[in-house]
Structures are given as C-alpha cells and as structure tokens.
Amino acid sequence: KDLEGRYTYANRLVLELFECSLDEVIGKDDGQFFDLDSSDQLRQHDLLVMHEGQTIEREELNFAKSTGEERVYWTVKKPVYDAAGSIIGMCGISTDITLRKRLENELTVLSERAQLAQEAGLIGVYDFDFTTGVNFWNGVLHDIYGVAAGEFGNDATAWMHRVHPEDGARVEQEWDRLLSSETARSTLEFRILRPSGETGWIQSKSKVLRVHDGRALRAIGVNIDVT
C-alpha cells in the first residue's frame, strides 16, 4: 500500500478474497473491500506502520464485504522506505487463522465442560509421561485420595501408597502387567485408605500409549470415586 492506504499490489489469494482482478484492486483503499466500521483494527494497524514506522505482528479481525464473514488473520506489516529513508508505504502478509481460532474456542468450551463433569462426578484424571518424567494429576484426583494438591508430584506410583494393604499386591500386579505387556487398556476396582483413615472405593480406567517397539510412552486414565 502507499501512504494513502491504496493498494499497489495484491497476490492471488487476496484477489480471490476480494473477488476482483488485480486491475480492480490497484489504487483502491480498504474501504472498497472491508467493512471498516467493524474492521477498525486493520486501519489502526496500518497507521502504526506508515505513520510511526512500527513493524507489527498480531491478530487482526476483518470483515470482507465480498463474503460478509468475520475472519481472523495473523498479520505481519512492515514499512517500505525509499532511498532517502522516508516511509513511502507498507507491505503486509496476512495468514487466515479463522479455523484455528474457532477450534481453540471449541476446545476451551469442551475443556470447561469436561472439568465440570469431572468435578460433579468426582472423576480424577492423570497423565504420566514416561519420557519426560512429568506427570499430571488433576485437583479432583487429589481430593479423591484425600491428599493436598501437588502431593503426588512426578512419582507415577505415588498413588499406590494410598491403596488398601489387602488390595496392594493385586493393584501393583495389574499396573506392572499394563506397562510391560502389549495390553493397551485396563479396568480395575480397588480400595484406598485416605489420610483420615476413611476407606474409599475406586474404579480405575487406564490406557497406555506405546512407541513402535512396544515401550510405554504415556499412561492416561481416570479414577472414579464409587464409594
């Protein structure tokens, strides 16, 4: 674009978005192609580049008149200088990330729903990464076992210390079988002893993800309080 915001070049994807030929775009400003009342970010970002010489990299929300759709772009805009060092315009690259943003929003909603279901149903979730040694235990799982948040840490067998002594050997045997064999899934019921002395009943559902040679990569699963 030149300093007046008029297009001096547009590639094929821009022309497809505008539903115009290159000749129809050259010399026109964004007001011809975007609803600037709803796409104010576009204009503000251009001013930062051409009037203040800034290079910007950020999300931009635009409404194209040709489609009437709201689209989200990751935009990189830089000033263009002449031989004397004066700004004579700007160039920009915009990547359409609308689908990615929608998926991110959907995942956020699903995550919130899953968290609510876990809390309402007393479902503890864990994820053990055997390559990094970093393990995840959600808050509900700590509550089920009656221990403080973070107490289990990165010890993938920490929960076994709370298994009822009469069930310990059976649980440990099943865990070892799950990790060392080709078995992918396991369902098990056992008792735990909480620090308060209370006995709880747990239904455990586990799945092991393996690399090509059969070694355990991760173990993920849930513990459901069925007391």
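- Proximity of a side-chain donor or acceptor of Lys101 to a complementary backbone N or O of Arg71 within less than 3.5 Å is not detected.
- By the 4.0 Å N-to-carboxylate-O rule, Arg170 lies too far from Glu174 to be salt-bridged with it.
- The residues Asp167 and Arg191 are annotated as salt-bridged, a charged nitrogen and a carboxylate oxygen being separated by less than 4.0 angstrom.
- Checked against the 6.0 Å centroid threshold, Phe34 and Phe18 count as a close aromatic pair.
- Linking ILVMFWY residues whenever their side-chain heavy atoms come closer than 4.5 Å, directly or via other members, places Val14 and Ile26 in the same cluster.
- At a threshold of 4.5 Å between side-chain heavy atoms, the hydrophobic network of Ile, Leu, Val, Met, Phe, Trp and Tyr places Trp74 and Ile56 in two separate groups.
- Taking CZ of Arg43 as the start and CG of Asn62 as the end, the distance is 11.5 Å to the nearest 0.5 Å.
- Contact check on Asp225 versus Arg194 returns a salt bridge, with a Lys/Arg side-chain nitrogen under 4.0 Å from an Asp/Glu carboxylate oxygen.
- The backbone N or O of Val72 sits less than 3.5 Å from a side-chain atom of Thr98, completing a donor-acceptor pair.
- For Thr199 against Thr227, the heavy-atom pair with the smallest separation is O-CG2, 4.1 Å.
- Atom NZ of Lys77 is separated from atom CD of Glu57 by 12.5 Å, given to the nearest 0.5 angstrom.
- Heavy atoms of other residues, nucleotides or ligands lying less than 6.0 angstrom from NZ of Lys78 number 12 at most.
- Under the 4.5 Å side-chain contact rule for hydrophobic residues, Phe63 and Tyr73 do not share a cluster.
- For the residue pair Tyr7 / Asp2, no side-chain donor-acceptor distance below 3.5 Å is found, with atom types taken as modelled.
- Looking only at distances, a side-chain donor or acceptor of Asp82 sits under 3.5 Å from a matching main-chain atom of Ser86.
- Inter-residue side-chain proximity for Asn11 and Tyr9 is flagged as met; some heavy-atom pair is nearer than 4.5 Å.
- Side chain to side chain, His45 and Glu60 meet the donor-acceptor criterion of an N or O pair below 3.5 Å.
- Between Leu3 and Gly89, the closest heavy-atom pair is CD2-N, 3.8 Å.
- Asn138 places a side-chain N or O within 3.5 Å of a backbone atom of Val125 that can act as its donor or acceptor partner.
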Note to self: Set out, in order, the CA-CA distance, both residues' side-chain angles and the distance that settles side-chain contact (heavy atoms from CB on, under 4.5 Å) for Gln44 and Leu48, then state yes or no.
What the structure shows: CA-CA 6 Å; Gln44 295 301 320; Leu48 289 175; 5.8 Å; no
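- Here the CG atom belonging to Asp35 is positioned 7.0 Å from the NZ atom belonging to Lys65, to the nearest 0.5 angstrom.
- A salt bridge links Asp127 with Arg218: the distance from a Lys NZ or Arg NE/NH1/NH2 to an Asp or Glu carboxylate oxygen falls below 4.0 Å.
- No donor-acceptor contact under 3.5 angstrom links the side chains of Asp23 and Ser21, judged on distance only.
- Centroid-to-centroid, the aromatic rings of His142 and Phe152 come within less than 6.0 Å.
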Check: Where do Phe33 and Val25 land on the side-chain contact (heavy atoms from CB on, under 4.5 Å) test, with the steps shown first?
Finding: CA-CA 9 Å; Phe33 310 109; Val25 171; 4.1 Å; yes
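- In the displayed structure, Ile93 atom CD1 is contacted under 6.0 Å by at most 12 heavy atoms of other residues, nucleotides or ligands.
- Note: the hydrophobic cluster containing Val76 does not contain Leu13 (ILVMFWY, side chain heavy atoms under 4.5 Å, direct or indirect links).
- Residue Leu178 comes nearest to Ser186 through the heavy atom pair CD1-CB, 3.9 Å, listed as atom of the first residue, atom of the second, then distance.
- Partner of Trp159 under the ring-ring contact (aromatic ring centres under 6.0 Å, His included) criterion, chosen from Tyr126, Trp175, Phe128: Trp175.
- Here the straight-line distance linking atom NZ of Lys207 with atom CZ of Arg185 works out to 4.5 Å at 0.5 Å rounding.
- Using a 3.5 Å distance cut-off with no hydrogens or angles, the side chains of Thr75 and Glu59 do not pair a donor with an acceptor.
- In plain terms, the two heavy atoms of Gly53 and Ile87 that are nearest each other are CA-CD1, 3.6 Å.
- A heavy-atom distance below 4.5 Å is found between the side chains of Asp29 and Gln32.
- The closest side-chain heavy-atom distance from Leu61 to Glu70 is below 4.5 Å.
- For the atom pair CG (Leu17) and CD (Glu69), the distance works out to 9.0 Å, reported to the nearest 0.5 Å.
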Next item on the list: Please test Ile220 against Ser206 for side-chain contact (heavy atoms from CB on, under 4.5 Å), starting from the C-alpha separation and ending with a verdict.
Entry: CA-CA 6 Å; Ile220 57 177; Ser206 306; over 6 Å; no
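- Here the CG-CG distance, from Leu141 to Asn223, works out to 5.0 Å after rounding to the nearest 0.5 Å.
- Grouping the Ile, Leu, Val, Met, Phe, Trp and Tyr side chains by contacts below 4.5 angstrom, directly or via other members, places Leu188 with Ile202.
- Asp30 has a carboxylate O that lies under 4.0 Å from a charged side-chain N of Lys1, or vice versa, which qualifies the two as a salt bridge.
- Side-chain contact between Leu193 and Pro165 is present, with at least one heavy-atom pair separated by less than 4.5 Å.
- The backbone N or O of Leu179 lies less than 3.5 Å from a partner atom in the side chain of Arg210, making a donor-acceptor pair.
- In this structure, Glu189 contributes its side chain and Gln203 its backbone to no donor-acceptor pair below 3.5 Å.
- Taking all atoms of both residues into account, the shortest heavy-atom contact from Ile144 to Gly124 is CD1-N, 3.6 Å.
- Looking at Pro79 and Glu52, their side chains never come closer than 4.5 Å, going by heavy atoms from C-beta outward.
- In this structure, Glu19 and Ser66 have side chains that are in contact, with non-hydrogen atoms separated by less than 4.5 Å.
- Put simply, the side chain of Ser204 does not reach to within 4.5 Å of the side chain of Thr187, judged on heavy atoms.
- No salt bridge links Glu24 with Lys28; every basic N to acidic carboxylate O contact stays at or beyond 4.0 Å.
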